[in-house]
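A quick write-up on the structure given underneath.
Note that the coordinates shown come from a computational prediction; the quantities given were computed from them, not determined experimentally. Count residues from 1 along the sequence. In each ligand, atom 1 is the first atom listed, and ligand 1 is the first ligand listed.
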Amino acid sequence: MSRRAVVVGAGLAGMLAAAVLANAGVAEVVVLDRDELPDGPRQRRGLPQGRHAHLLMPGGLTAMEEIVPGASLRGRLLAAGAHEVSLGSGMLARSPEGWLRRWRRPGPVMLTCTRALVDWTVRAAVLEQTAVEVRRASVVGLTGSSGRVRGVRVSGPGGEEDLDADLVVDASGRGTRIIPWLDGLGLSGVRTRTVDSGLVNASRVYRVPAGAERFPLTVVHADPYVSRPGRSAMVMPIEGDRWLVSCGGTRGGEPPADPEGFLRYTLGLPDPIVGRLISGAEPLTDVHLSRSTSNVRHYLDKVRDWPEGLVVLGDALGTFNPAYGQGMSVAAFGARVLGQELDRAGGLDAPGLARRVLRGAARPVDAAWAMAVGQDVLYPGTRGGGRPGIADRAATAYTRRMTRAATGSLAAASAIWDVTSMRTPPTRLFHPSAVLAALAGPPLPLLTGPPLTPGEREVLDGLDRTGA
Ligand SMILES: Cc1cc2nc3c(=O)[nH]c(=O)nc-3n(C[C@H](O)[C@H](O)[C@H](O)COP(=O)(O)OP(=O)(O)OC[C@H]3O[C@@H](n4cnc5c(N)ncnc54)[C@H](O)[C@@H]3O)c2cc1C
């Protein structure tokens, strides 16, 4: 196959797209990132979201392993200290409808570790297995015309220069400049939708207290059904015997950055379990705050005359409230679509290739968007959501009913795990067994507290310095 592809951004979408291009036989694949990329699992400036909890769903990990076969990404992550958490039995999760049970059936298994570890593991595996080249450079525009993109303009120490390419992949994340870049080529009028719940994330790392090494991932979800700001918190095990504790609050319910306020915030949730756990744990960092978490969708796939030679993947195509842990998986699905379309086309020059990739990559973005935005529009103060229509209200009522059923029905819980794990599309929730479970409601009574084992209760009571 042919000549040069340039990928903008060495995050997950970028490195996975680069692997796909190299595996498809593109002679030269150059990834450009404006960041200095660390030689290890370390937080970096270009990924500010990396300070917050990132769940790697099994559907996304499978896609990554398909893209980088033979690297055993799962094995590498586990060897570096990532944790396996079963959605069915390994979590303490308080949903808006009450505590979820822990079933004997483990269900799908997700991985938890720092975002920096996921990023570095994928980047290292791609660089080991392919001839992809990563260069430090900031992309400032596209070259070519509105009919065909011919490369990128980069800004470096010596000024600006052009780098030609047969295909450009924009994987520059939520801060993408794709709209002004397209404008610069004379292509304007792309529709962008922003739904902003004012979500603020606050995170802090703690040392796992002695004896609490096996304490399950614990999460108190936000409740979108009570006309109050959403507030949530999670204690997630990460590599290095640490807990990453992340809180999220929508407009009016934002978590604070001061340590005392952070603890108070967790204790003020509908269940104080997160605060009780961390009240006796040693903090290892300050509280880090991020504000740029609105849902943004660029409808590039709807542009009638999309230029040849330009593909947009990952967060650059759409970002959404991270509550469902979907973004990394969606980035992997987009790269997988690029690979499938390259296989079909047999070359970078095939007419319509870029458009077909965009359309395929937009499908998982839209599914994730629907889940995230469907909840975000219910929070007071959300901007850009519009008033929920009849279909939105029906979907909300059904999701709520399904969640309630999942508090005491294995069939309902399984349907939710399958969708959350990103192994199946959301249509799984309308499988007859799921619909029946939702309609029947929970056959088991609602739990009055977290489903702790006696040993876990002892750990929690031992850590608690709040007297709650
Ligand atoms: C608070 C929070 C929590 C999240 N939790 C989860 C979770 O639990 N699970 C999950 O799956 N997802 C989660 N996400 C989403 C996830 O972080 C993103 O979906 C994912 O990072 C998208 O990857 P990407 O490669 O598209 O973009 P990014 O990872 O953001 O990478 C973009 C890259 O482009 C580079 N770049 C940007 N502009 C330029 C330029 N002009 N020139 C050169 N380089 C450039 C940057 O330096 C960066 O390296 C969360 C997001 C947030 C904000």
Side-chain angles (χ1 to χ4, degrees), residues 6-18 30-38 44-61 63-64 85 110-116 118-120 122-123 134-142 152-156 163 168-178 180-181 199-203 217 219 232 234 236 238 244 246-248 255 288-296 312-335 361 364-365 368 372 420-422:
V6 166
V7 179
V8 188
L12 276 177
M15 289 314 298
L16 292 169
V30 182
V31 181
L32 304 173
D33 202 293
R34 62 181 173 200
D35 223 5
E36 169 128 34
L37 301 175
R44 63 183 173 92
R45 267 186 60 184
L47 286 186
Q49 72 269 40
R51 296 204 180 271
H52 304 292
H54 272 66
L55 306 167
L56 178 51
M57 292 301 170
L61 180 59
M64 291 179 196
V85 176
M110 62 183 173
L111 291 190
T112 66
C113 59
T114 57
R115 170 59 201 272
V118 178
D119 231 58
W120 176 70
V122 169
R123 190 166 72 246
V134 179
R135 290 186 207 160
R136 189 163 184 200
S138 187
V139 174
V140 293
L142 299 169
V152 293
R153 180 150 306 142
V154 298
S155 151
L163 181 62
V168 172
V169 178
D170 176 19
S172 61
R174 66 165 52 234
T176 180
R177 306 281 300 148
I178 190 67
W181 291 350
L199 181 68
V200 170
N201 290 98
S203 296
L217 183 150
V219 55
S232 68
M234 171 159 72
M236 183 183 99
I238 57 172
L244 176 49
S246 284
C247 300
H288 290 283
L289 222 64
S290 290
R291 292 176 190 280
S292 57
T293 38
S294 38
N295 307 278
V296 181
V312 181
L313 297 178
D315 275 15
L317 192 54
T319 63
F320 15 83
N321 180 336
Y324 296 96
Q326 308 175 95
M328 297 191 292
S329 297
V330 169
F333 296 155
V365 172
T420 311
S421 66
M422 307 206 67

Can you report which non-hydrogen protein atom sits closest to [atom], along with the distance?
atom	answer
atom 25 (O) of ligand 1	A13 N, 2.9 Å
atom 44 (N) of ligand 1	R34 N, 3.2 Å
atom 27 (O) of ligand 1	G173 CA, 3.5 Å
atom 5 (N) of ligand 1	A53 O, 3.2 Å
atom 37 (C) of ligand 1	S172 O, 3.2 Å
atom 49 (O) of ligand 1	D33 OD2, 2.5 Å

Check whether any N or O atom of [X], backbone or side chain, sits under 3.5 Å from an N or O atom of ligand 1, and answer yes or no.
X	value
L47	no
N201	no
R174	no
V139	yes
H54	yes
M328	yes
A316	no
H52	no
G314	no

Measure the distances from the heavy atoms of [X] to every atom of ligand 1 and state whether one is below 4.0 angstrom.
X	value
A171	yes
R115	yes
S290	no

Set out, in order, the CA-CA distance, both residues' side-chain angles and the distance that settles side-chain contact (heavy atoms from CB on, under 4.5 Å) for M236 and I238, then state yes or no. CA-CA 6 Å; M236 183 183 99; I238 57 172; 3.5 Å; yes
Are the side chains of [X] and [Y] in touch, meaning some heavy atoms are under 4.5 Å apart?
X	Y	answer
P322	L199	yes
L289	V200	yes
V330	F320	yes
P48	R291	no
L317	D315	no
L56	M110	no

Ligand 1-proximal atoms of R44, by part, heavy-atom distance under 4.0 Å: side chain
For ligand 1, which part of S246 has a heavy atom less than 4.0 Å away: the side chain, the backbone, both, or neither? neither
I'd like to know whether CZ of R136 has more than 12 heavy-atom contacts from other residues, nucleotides or ligands below 6.0 angstrom.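 Yes, the 6.0 Å shell around CZ holds more than 12 heavy atoms from other groups.
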What atoms of ligand 1 come within less than 4.0 Å of a heavy atom belonging to [X]?
X	result
S138	42 (N)
G9	33 (C), 34 (O), 35 (C)
G325	7 (C), 8 (O), 9 (N), 10 (C), 11 (O)
G46	46 (C), 47 (O), 48 (C)

Carboxylate-amine/guanidinium proximity below 4.0 Å for E36 and R44: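 Judged by the 4.0 Å cut-off on N to carboxylate O distance, E36 and R44 do not form a salt bridge.
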Hey, is D33 close enough to R135 for a salt bridge, meaning N to O under 4.0 Å?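 No, D33 and R135 are not salt-bridged.
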Sub-3.5 Å donor-acceptor pair from the side chain of R115 to the main-chain atoms of L55, do we have one?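 Not a single qualifying donor-acceptor pair exists.
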Among V168, V154, T176, L163, exactly one meets side chain to side chain contact (heavy atoms under 4.5 Å, CB included) together with V139. Which residue is that? V154
Option set [options], criterion heavy-atom distance to [atom], minimum:
atom	options	answer
atom 53 (C) of ligand 1	M422, M236, Q49, R123	Q49
atom 51 (C) of ligand 1	P322, G334, A137, A368	P322
atom 26 (O) of ligand 1	L55, V312, L12, D315	D315

So, H54 and T114: side-chain donor and acceptor under 3.5 Å apart, yes or no? no
Any donor-acceptor pair under 3.5 Å linking the side-chain atoms of S203 with those of H52?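 H52 vs S203: donor-acceptor pair found between side chains.
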If the condition is side-chain hydrogen bond (donor to acceptor under 3.5 Å, both in side chains), which residues does N201 pass it with, not counting sequence neighbours?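 Not a single residue meets the side-chain hydrogen bond (donor to acceptor under 3.5 Å, both in side chains) criterion with N201.
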